[in-house]
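These numbers were taken from a predicted model, which means no experiment stands behind them. Chain identifiers are assigned alphabetically (A, B, ...) following the order of the sequence lines, protein sequences preceding nucleic acid strands; residue numbering begins at 1 within each chain.
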Number of protein chains: 2
Amino acid sequence: MPPDPITQTLARYGRVTAARWWALAILREAQQPLTPDELFAAAAAATPKAPDRVTVYRALDWLVAKGLVRRIAASDRAARFEVASNNPAHAHFLCTTCGRTWCLPPHPTQWPPLPDGFVAHEAELVVRGQCAHCH
Amino acid sequence: MPPDPITQTLARYGRVTAARWWALAILREAQQPLTPDELFAAAAAATPKAPDRVTVYRALDWLVAKGLVRRIAASDRAARFEVASNNPAHAHFLCTTCGRTWCLPPHPTQWPPLPDGFVAHEAELVVRGQCAHCH
DNA sequence: GTCATTTTTGCAATTCTATTGCATTTGCAT
DNA sequence: ATGCAAATGCAATAGAATTGCAAAAATGAC
Ligand SMILES: [Mn+2]
Ligand SMILES: [Mn+2]
Ligand SMILES: [Zn+2]
Ligand SMILES: [Zn+2]
C-alpha cells in the first residue's frame, strides 16, 4: 500500500509523525488560516489520540521551517497558519467584528523602498475592516 | 501659565491625566514605535511617580480610540505604538535578527481587491528582514 | 475654593498564548 | 530486531494583556 500524499510530502523533509500528519492534513482542508488552538481542536475532533497542544506548536514550527506552512501574524493575539505549497503569498483580511481571517486573492504588492543596508526577506499585508457577513 | 501642547491636545479629546500625558510625550520623542513595556520603562525613567503598567495599557487604548496614536501589530508578540497625528500611515520593517521595528517612508500602497461586501478600514504592511545594523 | 459626579488609577488576580525542561516514547536507518 | 537520534507528553514557566473593584483624581457647577 503506497503512502498517502501527506506522508509522501512529509517524508521528503524528515520524519513523518502523527502530529505533523494531522497538522498538514487539517491545514490542507481548512478554508481559512487556523490558529494553533483551532488546529488542536480540529485534530481532537478527528482522532481520539490527537497530539498534545505543545506538540501542535512544535509540529507547526517544523512545518514552517520546512516551508510547507506559512505563519500569518495578522493582528490579534494568536498566530495563524496556512499551507504554503501551491499557495502563493497573498494578503489577508481581518474582520474586526467577527475576528475571522480571510485570504485575499494574490495581487502584486509593491514593497516600499528600504533604507540603505536593509535587506527584505518577506512582506505581509493585512487589511482590516468588516467582512460581508458582518457588514 | 498656558497649558503645554500635549495638555492642549489631550484636552480636546477628554480628560488630561498624567498617564496620557506621559504616553503621548514619550511617543512624540520616540525614534521608533514602542511596546507598552518600553513605554512603561521610559515613563519610569522620566518621573518617580510613573503610572502603573495597567494604566499604560489603558492610556494607550484611549489614545488609539481618539486617533492620536496608532497601534502596529507588526509580528512579534507585543504590540507597538506610534503617534498618528501629523504622521501619515506607512509600512514598517521588522528586523528578524535584533527584533527592532523601523518606520519606512510613506509610500503609496495599493490594496488588493476585496470580495463583494467586504469593507476595508485600514491596511498594515510589515516587511521582515535584516536591518543595516544586523546585516 | 468646595462639593458632587464621573472617570481614571493601582493593585491583585486572571486570562490567553506560547515556550521550556525533562523523562519517556517513537521513527527509521542499519 | 536493534540502537539511537528525534519527537512527544506533561507540568512548569514565561510574556503580554485584560478584568474587577475599591480608592484616588479630574472636571464642572456652585
Ligand atoms: Mn491565506
Ligand atoms: Mn512608523
Ligand atoms: Zn466578520
Ligand atoms: Zn537588526
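Between the side chain of A/Glu124 and the main chain of A/Ala74, a donor-acceptor pair closer than 3.5 Å is present. Remark: side-chain polar atoms of B/Thr96 are paired, donor with acceptor, to backbone N or O of B/Gly129 under 3.5 angstrom. Put simply, the side chain of B/His90 gets close to the backbone of B/Pro88: a donor and an acceptor are under 3.5 Å apart. Using a distance-only test at 3.5 Å, with no hydrogens or angles considered, no donor-acceptor pair links the side chain of A/Arg28 to the main chain of A/Ala23.
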Identify all pairs in which a protein N or O lies below 3.5 Å from an N or O of nucleotides 26-29 of chain D, and state each distance.
residue	atom	partner	partner atom	Å
D/dA26	N3	B/Arg15	NH1	3.3
D/dT27	OP1	B/Val16	N	2.7

Checking B/His135 against B/His133 for the ring-ring contact (aromatic ring centres under 6.0 Å, His included) test, could you report, in this order, the C-alpha distance in whole Å, the side-chain angles of both residues, the deciding distance, and whether it holds?
CA-CA 6 Å; B/His135 180 52; B/His133 248 250; over 10 Å; no
Are A/Trp62 and A/Tyr13 close enough, and set up right, to give a ring-ring contact (aromatic ring centres under 6.0 Å, His included), and what steps lead you there?
CA-CA 10 Å; A/Trp62 187 88; A/Tyr13 294 92; 7.1 Å; no
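Mapped onto DNA chain D by nearest heavy atom, A/Arg53 and B/Thr35 fall at different nucleotides, with A/Arg53 at the one closer to the 5' end.
Straight-line distance from the CG atom of B/Asp52 to the C1' atom of C/dA13: 13 Å, rounded to whole Å. Atoms CZ (A/Arg71) and P (C/dT17) sit 14 Å apart, rounded to a whole Å. One can place CG of B/Leu10 at 15 Å from C1' of C/dT7, the figure rounded to the nearest angstrom. Atom CH2 of B/Trp22 and atom C1' of C/dT8 are 19 Å apart (whole Å). In this structure, A/Lys49 atom NZ and D/dT8 atom C1' are separated by 13 Å, rounded to whole Å. Atom CZ in B/Phe40 sits roughly 14 Å away from atom P in C/dT9 (whole-Å rounding).
At a threshold of 4.5 Å between non-hydrogen side-chain atoms, the residues B/Leu39 and B/Phe81 do not count as touching. The side-chain heavy atoms of A/Thr101 and A/Arg80, taken from C-beta on, include a pair separated by under 4.5 Å.
Taking only distance into account, the side chain of A/Arg77 meets the base of D/dA16 through a donor-acceptor pair shorter than 3.5 Å.
B/Gln31 contributes atom CD, which lies 8.0 Å from atom CD of B/Glu29 (distance to the nearest 0.5 angstrom).
Considering only side-chain N and O atoms, A/Arg20 lies under 4.0 angstrom from the phosphate OP1 or OP2 of D/dA7.
Taking a 4.0 Å limit (strictly below) on heavy-atom distances, residues 57-65 of chain A reaches DNA chain C at A/Tyr57, A/Arg58.
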